[in-house]
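Side-chain atoms are counted along with the backbone in the values below, which use heavy atoms only and exclude waters and symmetry mates. All figures in this text were calculated on a predicted structure; none of them were measured in a lab.
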Amino acid sequence: MKPPGRRDEAVAWHVRLSSDQADERTWLAFTSWLESNQTNRTAFDEVEDFTGELESSVAMARDSKSFTGPARFPPRVRSLLSAPYGWAAAAMALAAAALLFVFLPLEPRQPVSAAYSTRVGETRSVALADGTIVDLNTGTTIRVRVGGSERHIALDRGQVLFHVAKDSRHPFDVSVGHHVIRVVGTVFDVLRNEGTITVTVAEGKVGFFQPDAQAERGLTLVAGDQVALAEATGKATLRRVDPSVALAWRSGYLVYQNAPLALIVSDINRYFARRVAIGDGGAAGQRFSGVLRMDREDAVLRRLSRLLPIEAEYRADGGIVLRTPKRRD
Amino acid sequence: MNFGIVRVGDVRSNLVEAYLSRREELARFLAARLGSRESAQDVLQDLFLRLDRPAQVSEIRDPVAYVFRMAANLANDHRRSQKRAQARDAAWASARHVVMGSETVADTPSAEASYGAKQRVEAVRGALDELSPQCRRVFLLHKFEGRSHQEIANQVGISRSTVEKHMNTALNHLIRRLGRG
């Protein structure tokens with residue numbers, strides 16, 4: 001354990017830096033403090049880990065307000081998910097889980113909850129109890145509760161195309177962070193990535209609002225509307241798009257219109273495992289219009305290098321950096 | 001939400017200017033924060049990537065401080081994902097892969113995780129009860145409602161330095177009571 005003096009200092013720095021008066025001088029003084037002794041850094045790590053965990057607990061406790069209910073799996077199955085198990089115990093737990101799936105009421109009397117997830121590069125379609133179809137794109141996680149009088153989905157991360165079965169008696173709610181999209185029956189796309197929520201409507205009408213905002217205002221979106229909301233600030237940008245362009249991902253293509261390279265790199269990082277970064281300002285300033293087929297990472301980067309003045313450097317640590325090519329004299 | 005309709009266009013933001021003019025200082029800060037020049041370079045790349053967006057820059061009073069704050073947050077993310085990668089590698093070495101029915105069990109924040117989060121929040125509230133009412137109130141306003149130090153000072157009717165003193169007291173107390181080691 002660190003001597004109390006160092007932790008007091010670390011806490012004091014955390015508080016000073018979270019003030020809106022913290023300026024460049026504060027950050028440079030903080031840097032000097034970190035440099036003066038290694039244990040200062042580890043003391044600060046401890047404070048950041050604690051406050052970080054606290055903040056995410058607060059957020060999770062708040063987000064789960066609409067999802068209260070009994071735990072999804074009985075205790076024996078739950079511990080299987082988190083700890084290594086011997087084969088015999090695993091077989092027993094698997095049998096218990098199979099029973100769980102068979103005996104859960106499948107008709108819409110009790111709402112059934114489930115989570116669906118895709119890995120990087122994977123897509124998947126799921127049919128829900130009410131006839132709604134959800135298409136999951138790469139790196140997506142959703143939690144679903146459909147049945148009885150409820151139709152609730154929470155989008156934790158990634159991108160989903162919804163084909164919502166018409167049921168005017170039961171609104172279909174998708175919660176994304178602190179916001180809710182409410183529809184009756186329509187086709188729309190939701191992407192949550194890097195702090196931005198993007199909603200695109202292909203058919204029908206969608207309501208997009210923030211339930212616990214003080215002034216409850218919302219947006220109504222119709223076919224061809226797209227809104228991008230920055231979660232941290234609440235600033236929304238509205239534009240008109242061709243829905244078939246925004247939804248091209250379902251055929252394995254992404255379509256770009258004068259998009260900055262950063263956007264393409266962000267998409268590549270959603271689809272593929274090796275992280276790509278932009279190495280210099282010249283590359284960062286490049287814009288791209290065209291269609292990219294997201295089949296394999298090296299193939300996509302090769303295509304980009306042919307179409308733009310950039311080259312890909314494959315680094316020893318597994319990362320990839322896009323740069324302006326060096327001039328050969 | 002505010003719904004002023006913004007033209008999506010080419011905004012060379014003052015965040016990028018702040019980054020470019022202070023790149024050396026940012027690199028030095030990140031190296032000190034992460035204890036590694038290499039990690040510092042990774043995070044610096046990441047940071048640059050996130051700056052180049054049409055951003056709400058008119059509302060940022062101090063772009064340099066903002067960029068440092070982004071760097072600090074990304075440094076925390078970097079540390080967290082390093083730890084997760086290490087834990088994942090260790091777990092794979094010993095765990096079995098279990099498939100339930102025809103679906104792979106999703107590794108997502110589940111009802112159990114939310115329950116754990118609520119327990120942690122309750123534990124914090126319990127520890128806060130051991131502090132003075134004003135100290136507790138300041139902490140809740142800052143960490144649970146996201147108010148700034150100035151907003152809290154105005155609302156509670158105290159000075160900024162008192163707000164900071166309360167935050168120091170509360171955090172020291174909580175870490176002592178609930179933290180590890």
Quiz prompt | Among A:H14, A:Q38, A:R25, residue most engaged with chain B (heavy-atom pairs, under 4.5 Å) | solution = A:H14

Quiz item: In Å and rounded to the nearest 0.5 Å, what is the OG1 to CG distance from A:T51 to B:N76?
Solution: 7.5 Å

Quiz item: Does a side-chain heavy-atom distance below 4.5 Å link B:R33 with A:E48?
Solution: yes

Self-check item: Side-chain heavy-atom pair B:R22, A:L28 within 4.5 angstrom cut-off
Solution: no

Exercise. Flag yes if more than 12 heavy atoms outside B:R177 fall under 6.0 Å of its CZ atom; otherwise flag no.
Key: yes

Quiz item: Out of A:S18, A:A10, A:G319, which one racks up the most heavy-atom pairs below 4.5 Å with chain B?
Solution: A:S18

Quiz item: Between B:D62 and A:A22, what is the shortest heavy-atom contact and its length?
Solution: OD2-O, 4.4 Å

Self-check item: B:A65 to A:D23 - nearest heavy-atom pair and separation
Solution: CB-CA, 4.1 Å

Quiz item: In terms of heavy-atom pairs under 4.5 Å, which option from A:V47, A:V265, A:D45 contacts chain B the most?
Solution: A:D45

Self-check item: Heavy-atom contact with chain B under 4.5 Å, split by part of A:A12
Solution: both

Quiz item: Should B:N172 and A:D8 count as side-chain neighbours, where that means a heavy-atom distance under 4.5 Å?
Solution: yes

Quiz item: Got a salt bridge between A:D49 and B:K83, using NZ or NE/NH1/NH2 to carboxylate O under 4.0 Å?
Solution: yes

Exercise. Could you tell me whether a side-chain N or O of B:R69 sits under 3.5 Å from a main-chain N or O of A:L17, the two making a donor and an acceptor?
Key: yes

Quiz prompt | Pairwise distance OG(B:S21) to CD(A:E24) - rounded to 0.5 angstrom | solution = 7.5 Å

Quiz prompt | Aromatic plane relationship, A:W27 with B:F68 - under 30° parallel, 30 to 60° tilted, over 60° perpendicular | solution = parallel

Practice problem: State, yes or no, whether a side-chain contact exists between B:R120 and A:L54 at a heavy-atom distance under 4.5 Å. | Solution: no

Practice problem: Could you check which of B:Q45, B:E25, B:R160 has the highest count of heavy-atom pairs closer than 4.5 Å to chain A? | Solution: B:R160

Quiz prompt | Residue B:N168 versus chain A: region with a heavy atom under 4.5 Å | solution = both

Exercise. Give the C-alpha distance, both sets of side-chain angles, the deciding distance and a yes or no for side-chain contact (heavy atoms from CB on, under 4.5 Å) between A:E35 and B:R28.
Key: CA-CA 9 Å; A:E35 286 169 340; B:R28 187 185 146 216; 2.9 Å; yes

Quiz item: What are the two closest heavy atoms between A:R315 and B:D42, and how far apart are they?
Solution: NH2-OD1, 3.0 Å

Quiz item: Side chain, backbone, both or neither: which part of B:L174 has an atom under 4.5 Å from a heavy atom of chain A?
Solution: both

Practice problem: Decide yes or no for B:H149 and A:V15: does some side-chain heavy atom of the first lie under 4.5 Å from some side-chain heavy atom of the second? | Solution: yes

Quiz item: Which residue out of A:S32, A:G52, A:S19, A:A277 racks up the most heavy-atom pairs below 4.5 Å with chain B?
Solution: A:S19

Self-check item: Distance, nearest 0.5 Å, that separates CZ of A:F50 from CG of B:L178
Solution: 5.0 Å

